[in-house]
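One-based numbering along the sequence shown. We use all heavy atoms of the structure for the numbers below, so side chains are in, but hydrogens, waters and symmetry mates are not. Counting convention: from 1, in listed order, for ligands and their atoms alike.
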Amino acid sequence: MSEIDVVILAAGKGSRMKDNLPKPLHKVAGLQMLEWVCRAVRKIEPKNIIAVQAPNEDFSSYVDETVVQNEQLGSANALQTAFSKVQAEKIIVINADMPLMTDQSLMDLVNTGEGFDAAVLATTLKTPFGYGRIIPIGDREVVEQIVEEKDATVEQRTIKLVNSGVYLFKTDYIKRAIEAVKTDNAQNEYYLTDALAGAKIVQARDWRDLLGVNTQQQLAAVNKIARKRINNQLMTNGVTMVDPATTYIDANVVIGTGTIIKPGTVIEHDSVIGADNEIGPYAHLREKTVTGIDVHIGNFVETKNARIGDHTHIGHLTYVGDAEVGQAVNIGAGTIFVNYDGKNKHMTQVGDRAFIGSNSKLVAPVTIAAEAITAAGSTITDDVPKHTLAIARQRQTNKADFWKRMPHEDFALNYDKKNQ
Ligand code: UD1
Ligand code: CA
């Protein structure tokens, strides 16, 4: 295979998103769209990945090189800006707003497009609204013209064969062909699609790979598909999901076999869940949650940056943030790891087989040693040594004279009124 550079077009205004975040940085299943595109293209081992960015953006941490497109004059102009950095014989050009792209579809483009000056990845969509429509030359699989939504006639809008915004070019060819592109269109832009006459049409194997994101609705739709793909892969690997439709797992989460995920559970990026865990319903495992084997995390438990050892149970209504929790620990209902003092985050350590009583507050930094116990309702501010019971709450007093001093007739009256 000859060498290929990749150019990611990422300088567009994203104005249809109607928000302030640069479009390529919107997240899909916890990863920025730009990162999704980079992951897919990296798998085909390009020589260099070059991103075209707008003047106020910096995408250099995602790619090998960046170039700035000073004015957003259209996709053809964006690609031209990148030519100064292109060295390989061939280029793949890809829009930054297509997070579902896969290396399989890219390889199909590379293989089928072999020998052509230009090739375009295409698919048929039931609802092609917003996409450039491909008009082929007769029944040949070659482009005559690509017409943008805004320039299309009513008849052309019924065409369902669409342009994905992913192209393979011979570098010499596109450098010349792009010179002829003009701005005589509805948007007064230099359309890259105007340089595609004669391009080989490569039909993608999965139409979903080609979906672009221009609006918030499309972002939500693409998120749904990405999550479905993630859940399917996890189930293939032996994870049980009671209801995949309400299970939200980010892209780079690892889950061991035999683990059961119950409905309403969210597991965020860089979390690693061990084998034979039971998670949820309604658990929120945030970034960098790492669990061992046979861990139970029940309803309304939130974790973050927490390592949780084998056989540990955290059953109900608990926050575990910035913690190292050992093996076979029991954390009672309503426990809060108090990790934040308003300025800094602090760590809590809980040793093996410790027992944290319900409604304990563990004020970090603090260490509960192995086989120590905290009494229910305690606010623990000092370390608890091994084999020790810490009680940190006011002693209960039962006041026997209470009822005598109480104007209980009034009390009873109020009670009756309230219950009328
Ligand atoms: C583009 C295609 C359309 C295709 C669709 C697929 C053109 C003219 N049209 O339309 O045929 O069906 O993608 O999703 O290319 N960009 C720049 N600089 C610019 C303008 C755009 O870098 O001056 C970048 C954007 O950041 C984006 C990409 O180019 O990643 C495409 O631009 P966008 O406005 O999203 O084009 P579409 O209307 O979606
Ligand atoms: Ca787009």
Side-chain angles (χ1 to χ4, degrees), residues 6-18 21-26 32-34 36-38 41 50-57 59 62-63 66-83 92-101 105 118 120-125 127-135 143 145-152 156-157 159-167 169 174 178 181-197 199 201 204 207-219 221-222:
V6 170
V7 176
I8 303 177
L9 306 183
K13 294 193 193 90
S15 44
R16 285 167 282 182
M17 296 299 284
K18 308 237 170 86
L21 188 66
K23 186 165 73 168
L25 300 186
H26 275 281
Q32 294 87 355
M33 293 206 279
L34 181 57
W36 279 102
V37 170
C38 288
V41 296
I50 303 150
V52 182
Q53 62 193 24
N56 296 326
E57 282 151 23
F59 299 147
Y62 295 87
V63 294
T66 56
V67 285
V68 174
Q69 185 192 19
N70 286 318
E71 270 185 282
Q72 279 51 70
L73 302 174
S75 46
N77 178 261
L79 176 58
Q80 259 175 323
T81 316
F83 282 154
I92 284 181
V93 177
I94 181 166
N95 292 348
D97 61 3
M98 37 193 326
L100 300 178
M101 182 46 60
S105 280
V120 53
L121 204 52
T123 193
T124 47
L125 291 181
T127 320
F129 177 80
Y131 289 86
R133 311 298 206 281
I134 299 180
I135 302 170
V143 174
Q145 199 193 347
I146 298 179
V147 189
E148 293 304 305
E149 177 80 35
K150 286 183 180 151
D151 301 290
Q156 284 168 335
R157 284 183 187 164
I159 297 171
K160 302 220 172 342
L161 182 64
V162 302
N163 166 29
S164 65
V166 186
Y167 321 100
F169 295 116
I174 190 60
I178 213 163
V181 174
K182 299 197 174 63
T183 57
D184 51 348
N185 55 55
Q187 304 185 80
N188 266 311
E189 282 185 9
Y190 294 98
Y191 290 164
L192 181 50
T193 43
D194 285 352
L196 277 134
I201 299 168
W207 58 273
R208 295 171 193 85
D209 289 11
L210 275 52
L211 293 178
V213 173
N214 296 322
T215 63
Q216 301 286 351
Q217 286 84 349
Q218 287 171 328
L219 179 66
V222 156

>> Suppose I only count heavy atoms of Ala78 and a 4.0 Å limit; which atoms of ligand 1 are within that range?
In response: 17 (C), 18 (N), 22 (O)

> In this structure, are over 12 heavy atoms from other groups packed under 6.0 Å from Tyr62 atom OH?
Replying inline: yes

> Between Asn185 (side chain) and Glu189 (backbone), is there a donor-acceptor pair under 3.5 Å?
Replying inline: yes

> Asp97: heavy atom below 4.0 Å from ligand 1, yes or no?
Replying inline: yes

> Could you state the interatomic distance from NZ (Lys182) to CG (Asp194), rounded to the nearest 0.5 Å?
Replying inline: 9.5 Å

> Going by the atom numbers of ligand 1, which of them fall below 4.0 Å from some non-hydrogen atom of Ser164?
Replying inline: 6 (C), 14 (O)

>> Quick check against the 3.5 Å criterion: does Thr66 have a side-chain atom that pairs as donor or acceptor with the backbone of Phe59?
In response: no

> Which residue holds the protein heavy atom closest to atom 15 (O) of ligand 1, what is that atom called, and what is the gap in Å?
Replying inline: Ser75 OG, 2.8 Å

> Does Glu71 reach ligand 1 with a nitrogen or oxygen that is under 3.5 Å from one of the ligand's nitrogen or oxygen atoms?
Replying inline: no

>> Quick check: do Leu125 and Leu211 have side-chain heavy atoms less than 4.5 Å from each other?
In response: yes

>> Go through it in stages, so that I can follow the logic: the residues are Leu121 and Met101, the test is side chain to side chain contact (heavy atoms under 4.5 Å, CB included), and I'd like the CA-CA distance, side-chain angles, deciding distance and then a yes or no.
In response: CA-CA 11 Å; Leu121 204 52; Met101 182 46 60; 3.8 Å; yes

> For ligand 1, is any non-hydrogen atom under 4.0 Å from Glu149's backbone (N, CA, C, O), its side chain (CB onward), both, or neither?
Replying inline: neither

> Out of Ile134, Val147, Ile135, Thr124, which residue meets the side chain to side chain contact (heavy atoms under 4.5 Å, CB included) rule with Ile159?
Replying inline: Ile135

> Under 4.0 angstrom from ligand 1, any heavy atom of Lys23?
Replying inline: yes

> Is the shortest distance from atom 9 (N) of ligand 1 to a protein heavy atom below 4.0 Å?
Replying inline: yes

> Got an N/O contact under 3.5 Å between Glu148 and ligand 1?
Replying inline: yes

> Applying a 4.0 Å heavy-atom criterion (strictly less than), which segment of Arg16 is in contact with ligand 1: side chain, backbone, both, or neither?
Replying inline: side chain

>> Regarding ligand 1, does Gly74 bring an N or O atom to under 3.5 Å of one of the ligand's N or O atoms?
In response: yes

> Nearest 0.5 Å, what's the OG1-CD1 distance between Thr81 and Ile50?
Replying inline: 11.5 Å

>> Below 3.5 Å, N or O to N or O, backbone or side chain included: is there any such pair between Gly130 and ligand 1?
In response: no

> Asp151 side chain to Ala186 main-chain N or O, any donor-acceptor pair under 3.5 Å?
Replying inline: yes

>> Are any of the N/O atoms on Asn95, whether in the backbone or the side chain, positioned under 3.5 angstrom from an N/O atom of ligand 1?
In response: yes

> Looking only at heavy atoms, is any part of Ala11 under 4.0 Å from ligand 1, and if so is it the side chain, the backbone, or both, or is it neither?
Replying inline: both

>> Any atom of ligand 1 sitting under 4.0 Å from a heavy atom of Thr193?
In response: yes

>> Applying side chain to side chain contact (heavy atoms under 4.5 Å, CB included) to Ile8 and Cys38, what does each step give before you reach the verdict?
In response: CA-CA 9 Å; Ile8 303 177; Cys38 288; 3.8 Å; yes

>> Under 4.0 Å from a heavy atom of Asn214: which atoms of ligand 1 are those, numbered in the order shown and with their elements?
In response: 35 (O), 39 (O)

> What residue and atom, counting heavy atoms only, is the protein's closest point to atom 12 (O) of ligand 1, and at what distance?
Replying inline: Asn163 O, 2.6 Å

>> Starting from atom 21 (C) of ligand 1, what is the nearest protein heavy atom, named by residue and atom, and what distance separates them?
In response: Gly12 CA, 4.0 Å

> Taking Lys23 for the side chain and Val213 for the main chain, is one N or O donor matched with an acceptor at less than 3.5 Å?
Replying inline: yes

>> Any donor-acceptor pair under 3.5 Å linking the side-chain atoms of Asn163 with those of Tyr167?
In response: yes

> So how far is it from Ser15 OG to Gln72 CD, rounded to the nearest 0.5 Å?
Replying inline: 10.5 Å

> When rounded to the nearest 0.5 angstrom, what distance separates CE in Met98 from CZ in Arg208?
Replying inline: 14.5 Å

>> Tell me the nearest of Leu9, Leu211, Leu192, Ile8 to atom 30 (O) of ligand 1, using heavy-atom distances.
In response: Leu9

> So do Leu192 and Leu9 actually touch side chain to side chain, heavy atoms under 4.5 Å?
Replying inline: yes

> Of the backbone atoms (N, CA, C, O) and the side-chain heavy atoms from C-beta on, which set of Gln69 has a member under 4.0 Å from an atom of ligand 1: side chain, backbone, both, or neither?
Replying inline: side chain

>> Test your reading of the model: is there a side-chain donor-acceptor pair from Arg133 to the backbone of Glu149, 3.5 Å cut-off?
In response: no

> Around the Ca ion (ligand 2), what protein N, O or S atoms are found below 3.0 Å?
Replying inline: Asp97 OD2, Asn214 OD1

>> Distance under 4.0 Å to a non-hydrogen atom of Gly132: what atoms of ligand 1 satisfy this?
In response: 3 (C), 4 (C), 11 (O), 12 (O)

> Which atoms of ligand 1 sit under 4.0 Å from any heavy atom of Leu73?
Replying inline: 23 (O)

> What is the distance from atom CG of Leu219 to atom NE2 of His26, rounded to the nearest 0.5 Å?
Replying inline: 6.5 Å

> Of the backbone atoms (N, CA, C, O) and the side-chain heavy atoms from C-beta on, which set of Pro24 has a member under 4.0 Å from an atom of ligand 1: side chain, backbone, both, or neither?
Replying inline: neither

>> Would the distance check show the side chain of Gln69 and the main-chain N or O of Gln53 forming a donor-acceptor pair, the cut-off being under 3.5 Å?
In response: no

>> Is it the case that ligand 1 has an N or O less than 3.5 angstrom from some N or O of Ala96?
In response: yes

